[in-house]
Amino acid sequence: MSEHVSAFHLDALVLEALPPGERARVQAHLAGCARCSDRLSLRNDAGERFVAEVLPRTAPALLARRRRRARRPVWPLFLVVPALAAAGLLMVARGRKAGVTDGDLTWKGAPPVRAFARRDARTFELSAGTPAAPGDAVRFVVGPTGAPWLLVASVDADGHAQVYFPFGGKRSGAVDPSARLALPDSVILDETPGPERVFVFASREPLDAGPVLRALEALGAGGAEALRKASRAAVPAQTQSSLVIEKVKP
Amino acid sequence: LSVQAEPDRVVELYRRYGGTIYARCCQLLGDAATAEDATQETFLRVHRHLAAAPSAAEALGWIYRIATNYCFNELRNRRHRPQLRAELPESPAALRLEDQLGDRRLLGAIVRRVAPRVAAAAWLYHVDGMEQAEVARILGVSRRTVINRIREFEQVARDLRAEEHA
């Protein structure tokens, strides 16, 4: 692959990011290679078009998008992300007390999932022994998923199933398989006490939500204890994992 | 960076690196309008890395990593499915993979069969002309992983050709 100058080196040349010796080598090659010269011209044309047309038109919109994005999280993510980094991928708690248990996180490739609750002005992880309460706003952090499609859905002991990501969606949402994802929407817990199991399904192709919800409803129909013990759902995902949130009234 | 306190700094970074991101997105996505939006999305994802990068070369590495992955996710998510039969080259065996990838529909067909990270590795290697070790550095994976991803991509391309000519 070394007979021509790589795109990276062409960009580095434009950005004046090449060390002197490398710059001289690239320029010498360009002087004698029509193909690479054409590639550089195309790249420069795009760069000039950006400066002349795209930049003036999009810079205000970019700043506005950035402000919106900065306001969007209802969570202090600066609390969540360091917690993830410090704890590694996930906890392997299997307690049956109120709080969260990770039921299915042992098989290879399963995307890790963690839950963080906000109550009043306080944010904390729903780890084993930490119960959730009605009205808590819960946000999930998933991944890396290792697959490009993600569906997150939950079921409670009443057999009520719901899609959390994409929220209320009909099918899986596209994600970056190599990135950790903080789901954009918070879930406000209802008054129903008992367990709610949240499943994370990662797949190479999008999953339809309908069959997934039906599979989860079947799990929930078994009642609270069955839901606490359920290890996985009958869903054709490449990988799946889950956790249980125990809702108790304070 | 504080949004309110340093908008000028953000715009400065956008001005300095936006052209590179835009050129990259144009090349990957194949049309200027889509590339504009992809440029903004990529910049919003990468600008903190750009602000913290000790050199333009390192900043460029972040741009390549994030723009390439973003664009291949976009390509994968496009709703319009390619019509392969009418679009594959008549004699694909005579063309290099690098040249075949200039066919946007063929590229789209391949991207739908592989993960974006696989397509990104193959593009960096076959189209951008980078060494495997450079690809590994840009994507933050091992060289072995890069080799495996390139092989997977090439196999899918071969399968598509075989299906077309069966």
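Below, read A as the first sequence line, B as the second, and so on, with proteins coming before strands; counting in each chain starts at 1.
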Under a 4.5 Å heavy-atom cut-off, does chain A meet the side chain of Q132(B), its backbone, both or neither?
neither
Check each atom of S55(B) against the heavy atoms of chain A and say whether the ones under 4.5 Å are side chain, backbone, both or neither.
neither
Side chain, backbone, both or neither of Y70(B) within contact of chain A (heavy atoms, under 4.5 Å)
neither
Step by step, work out the side chain to side chain contact (heavy atoms under 4.5 Å, CB included) result for D176(A) and R117(B).
CA-CA 9 Å; D176(A) 181 347; R117(B) 64 179 184 277; over 6 Å; no
State whether the side chain of Y64(B) and the backbone N or O of A7(A) hold a donor-acceptor pair below 3.5 Å, judged by distance alone.
yes
Neighbours of chain B found in residues 51-60 of chain A - heavy atoms under 4.5 Å
V54(A), L55(A), R57(A), T58(A), A59(A)
Consider side chain to side chain contact (heavy atoms under 4.5 Å, CB included). Of L60(B), L124(B), D128(B), which one does F8(A) pass it with?
L60(B)
At a heavy-atom separation under 4.5 Å, does R15(B) approach chain A through its side chain, its backbone, both, or neither?
both
Comparing P177(A), A12(A), G47(A), A17(A) against chain B, the one with the most heavy-atom pairs below 4.5 Å turns out to be A17(A)
Can you tell which part of I63(B) gets under 4.5 Å to a heavy atom of chain A, answering side chain, backbone, both or neither?
neither
Take C26(B) and R49(A), measure what side chain to side chain contact (heavy atoms under 4.5 Å, CB included) needs, and give me the verdict at the end.
CA-CA 11 Å; C26(B) 282; R49(A) 194 161 61 247; 4.0 Å; yes
Side chain to side chain contact (heavy atoms under 4.5 Å, CB included) assessment of R43(A) paired with T20(B)
CA-CA 8 Å; R43(A) 188 257 174 257; T20(B) 302; 2.7 Å; yes
Give a yes or no on whether the ring-centroid distance for Y17(B) and F50(A) is below 6.0 angstrom.
no
Do you know which of D37(B), N69(B), V114(B) has the most heavy-atom pairs with chain A at a distance under 4.5 angstrom?
D37(B)
